[in-house]
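First the structure, in the form of structure tokens, and then the observations on it.
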Amino acid sequence: MRLTVTAGDRQVDLRIKGNSLKALRRAEKTARRLLAATGPPPPPERPFGFALGSDTERAPTPAVGEEPEDEE
């Protein structure tokens, strides 16, 4: 019998002989101990991004035929 226990990104895959309830419970306890031995799950990744705000907006494009103003 095959038993897979998943906790977040971590996974334990066990194969046991037989199909008795006692063997299944023993395998489940073993899988839980193995997951607990790896420590706490890693913290979730923080999303990265940016937003366009008034301080990052571009200047308007000059109209056709206009020359851009020079800043002094």
Rounding to 0.5 Å, atoms CD1 (Ile16) and CZ (Arg2) come to a distance of 12.5 Å

In Å, rounded to the nearest 0.5 Å, how long is the span from OG1 of Thr30 to CG of Leu3?
9.0 Å

Quick one: side chain to side chain contact (heavy atoms under 4.5 Å, CB included) partners of [X], sequence neighbours excluded?
X     : answer
Asn19 : Met1
Arg25 : Leu21
Thr38 : Arg10

If you look at every heavy atom in Leu14 and Ala27, which pair is closest and at what distance?
CD1-O, 3.3 Å

